[in-house]
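Below: the structure, in structure tokens.
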Protein chains: 2
Amino acid sequence: MSTSINAPYHHGNLRRALLEAALIILEREGEAGLGLRDLARAVGVSAAAPYRHFDGRAALLEALAVTGFQRFTAAMEAIPLANPPDLMAAMGKTYVLFALDNANLFRLMFSPQLKRTAAPACAWPPTRRSKPCAISAVATPRPAASPRSRPWARVHGLAVLLLDGQIAIRAGEDTEALIAEIVRTSLRLAPAILPV
Amino acid sequence: MSTSINAPYHHGNLRRALLEAALIILEREGEAGLGLRDLARAVGVSAAAPYRHFDGRAALLEALAVTGFQRFTAAMEAIPLANPPDLMAAMGKTYVLFALDNANLFRLMFSPQLKRTAAPACAWPPTRRSKPCAISAVATPRPAASPRSRPWARVHGLAVLLLDGQIAIRAGEDTEALIAEIVRTSLRLAPAILPV
DNA sequence: ACCTGAACACCGTTCAAGT
DNA sequence: ACCTGAACACCGTTCAAGT
């Protein structure tokens with residue numbers, strides 16, 4: 001019986017189990033509270049076991065960030081497929097809600113302490129040219145980093161302001177509607193009027 | 001001779017020495033790289049000595065944040081006294097430049113992991129009513145946390161975007177001028193047009 | 001190939017003891 | 001009153017050894 005419980009870890013899915021447990025701990029305790037030994041304990045494995053799958057704590061954090069960017073990109077790329085009446089507003093809303101729903105993961109994704117060994121997998125907007133969807137029309141690649149060419153900057157700023165509690169949402173307010181309105185206004189004005 | 005070197009620490013300025021050294025290490029290594037034992041070593045004192053002056057690492061971090069807010073507030077309050085032609089632009093520029101010049105301290109000041117035991121000393125805009133300067137005309141107290149009532153939110157967002165590298169400044173660009181222009185535009189439009 | 005156990009050099013924190 | 005030395009329970013990381 002104990003064999004059936006431990007069996008999966010001998011079948012190659014310890015890496016996934018570690019990542020899943022790590023995501024939960026990260027969101028509950030924050031990055032500082034995510035210890036490699038705690039993680040190994042949570043998954044029921046020895047303290048040294050994670051080192052078969054990750055080069056160390058920094059590598060684990062980067063792997064978490066990469067899965068974060070994958071989920072984030074997937075969520076953003078799903079929006080145009082639904083043909084919403086206001087595409088920009090819908091994508092901005094998804095952007096901000098992802099940040100609020102995955103606060104610590106989002107913070108980690110944009111943390112300056114990330115090693116970013118797998119650079120292109122740790123960036124938004126995605127740099128690959130293979131996906132010709134609405135994103136490429138809106139998103140500009142890294143090199144052209146002029147403020148004018150970064151329409152997502154405003155939305156990112158809004159997300160961070162909400163995360164930092166710098167913009168507080170009053171009790172009883174319709175969070176989603178408020179965010180949608182702010183995002184809509186920001187994105188509409190951004191290219192037309194504002195230099196950011 | 002060794003007496004003259006160690007003497008200051010017996011005269012009551014170990015606390016200040018710790019804070020000064022901590023600020024340097026924080027800016028060089030980031031919050032994660034600021035260890036209590038490293039700090040004690042850097043100041044030439046035993047590992048237990050800091051505990052006479054701070055309740056622990058969290059308390060030291062909060063003390064750092066408090067001095068950060070003090071310096072920040074002082075810098076901001078100095079602007080109106082100089083009677084600049086465009087007060088808002090000047091204050092916004094000071095805000096953003098402080099963030100860039102004290103990146104890790106600024107991040108710590110708004111970090112969600114801050115204990116904030118001394119709550120009013122860990123906030124911007126300052127909550128005290130004692131200083132009737134231009135700030136009180138612009139800054140709104142915490143309770144009224146509506147997006148509309150937070151003109152500093154946009155500037156804070158810009159600061160974080162620059163810190164995160166989400167808005168990159170191209171090589172050869174006039175950083176100060178660029179920031180000043182963005183800040184000026186943001187602050188002017190904020191109360192009039194935008195809901196943030 | 002994948003995991004364990006024990007070890008190493010560290011932490012933050014506490015506490016008796018020194019001056 | 002302020003600091004030291006030694007100790008405690010932890011870390012992240014490494015490495016021989018197990019299966």
Side-chain angles (χ1 to χ4, degrees), chain A residues 1-23 25-26 28-65 104 108 111 113-115 117, chain B residues 1-23 25-26 28-65 104 108 111 113-115 117:
Chain A
M1 338 167 176
S2 98
T3 330
S4 76
I5 289 180
N6 293 334
Y9 300 151
H10 299 285
H11 289 181
N13 40 12
L14 176 55
R15 189 190 150 93
R16 177 163 26 211
L18 286 169
L19 284 176
E20 281 172 12
L23 277 171
I25 298 177
L26 173 67
R28 243 196 359 231
E29 317 275 355
E31 182 256 286
L34 176 55
L36 228 44
R37 281 182 116 111
D38 289 346
L39 178 60
R41 252 190 302 271
V43 152
V45 95
S46 86
Y51 285 85
R52 283 301 131 182
H53 302 276
F54 302 100
D55 279 342
R57 203 184 100 100
L60 172 77
L61 291 179
E62 193 184 352
L64 284 175
N104 287 329
L108 178 66
S111 165
Q113 75 176 276
L114 251 198
K115 297 273 284 297
T117 302
Chain B
M1 337 165 172
S2 98
T3 331
S4 75
I5 289 180
N6 294 333
Y9 301 152
H10 299 286
H11 289 181
N13 40 12
L14 175 56
R15 188 191 151 94
R16 175 163 27 209
L18 287 169
L19 284 177
E20 281 171 12
L23 277 171
I25 297 176
L26 173 68
R28 244 196 358 233
E29 317 275 355
E31 182 256 288
L34 175 56
L36 229 44
R37 280 183 117 112
D38 289 346
L39 179 60
R41 252 189 302 270
V43 151
V45 95
S46 87
Y51 286 85
R52 283 302 132 184
H53 301 278
F54 302 100
D55 279 340
R57 203 184 99 101
L60 172 76
L61 290 179
E62 194 184 352
L64 284 175
N104 287 329
L108 178 66
S111 164
Q113 75 174 276
L114 251 198
K115 297 273 285 295
T117 302

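Per chain, numbering begins at 1; letters A, B, ... match sequence-line order. The structure presented is a predicted model; accordingly, all values stated were derived computationally and were not measured.
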Nearest-0.5 Å distance that lies between atom CD in B:E20 and atom CG in B:N13: 9.0 Å

Regarding the side chain of A:Y51, the nearest nucleotide among C:dT13, D:dT4, D:dG12 is D:dG12

Watson-Crick or G-U wobble partner of D:dC2, both distances under 3.5 Å: C:dG18

Rounded to whole Å, the NE2-P distance (B:H53 to D:dA1) equals 13 Å

4.5 Å side-chain heavy-atom contact, A:R15 and A:F54: yes

Donor-acceptor pair, distance only, cut-off 3.5 Å: does the side chain of A:E31 make one with the backbone of A:L108? no

What's the shortest heavy-atom distance between A:V45 and A:P50, and which atoms? CG1-CD, 4.3 Å

Can you tell me the distance, in whole Å, between the CG atom of B:D38 and the P atom of C:dT13? 14 Å

Looking at every heavy atom in both B:V43 and B:A17, which two are closest together, and how far apart are they? CG2-O, 3.7 Å

Interatomic distance where CD belongs to B:E31 and C1' belongs to C:dC11 [whole Å]: 14 Å

When you check the phosphate oxygens OP1 and OP2 of C:dC11, does a side-chain N or O of B:R41 lie under 4.0 Å from one of them? yes

Ignoring the backbone of A:A48, work out which of D:dC2, C:dC11, D:dC15 is nearest its side chain. D:dC15

Taking OP1 and OP2 of C:dA1, is either one under 4.0 Å from a side-chain nitrogen or oxygen of A:R15? no

Nearest of D:dA7, D:dT4, D:dC15 to any side-chain atom of B:A49? D:dT4

Name every residue in residues 54-64 of chain B that has at least one heavy atom under 4.0 Å from any atom of DNA chain D, in order of residue number, or write none if there are no such residues. none

Does any part of the side chain of B:N104, heavy atoms only, come nearer than 4.5 Å to the side chain of B:L34, both counted from C-beta? no

Are any of the side-chain heavy atoms of B:D38 and B:R41 separated by less than 4.5 Å? yes

Assign each of A:R37 and A:S46 the nucleotide of DNA chain C bearing its closest heavy atom; nearer the 5' end lies the nucleotide of A:S46

For the side chain of A:L36, starting at C-beta, report the closest nucleotide among D:dT13, C:dA16, C:dC2. D:dT13

So what's C:dT13 paired with, Watson-Crick or G-U wobble, going by both distances under 3.5 Å? D:dA7

Calculate the interatomic distance between A:R52 atom CZ and D:dG12 atom P; express it in whole Å. 18 Å

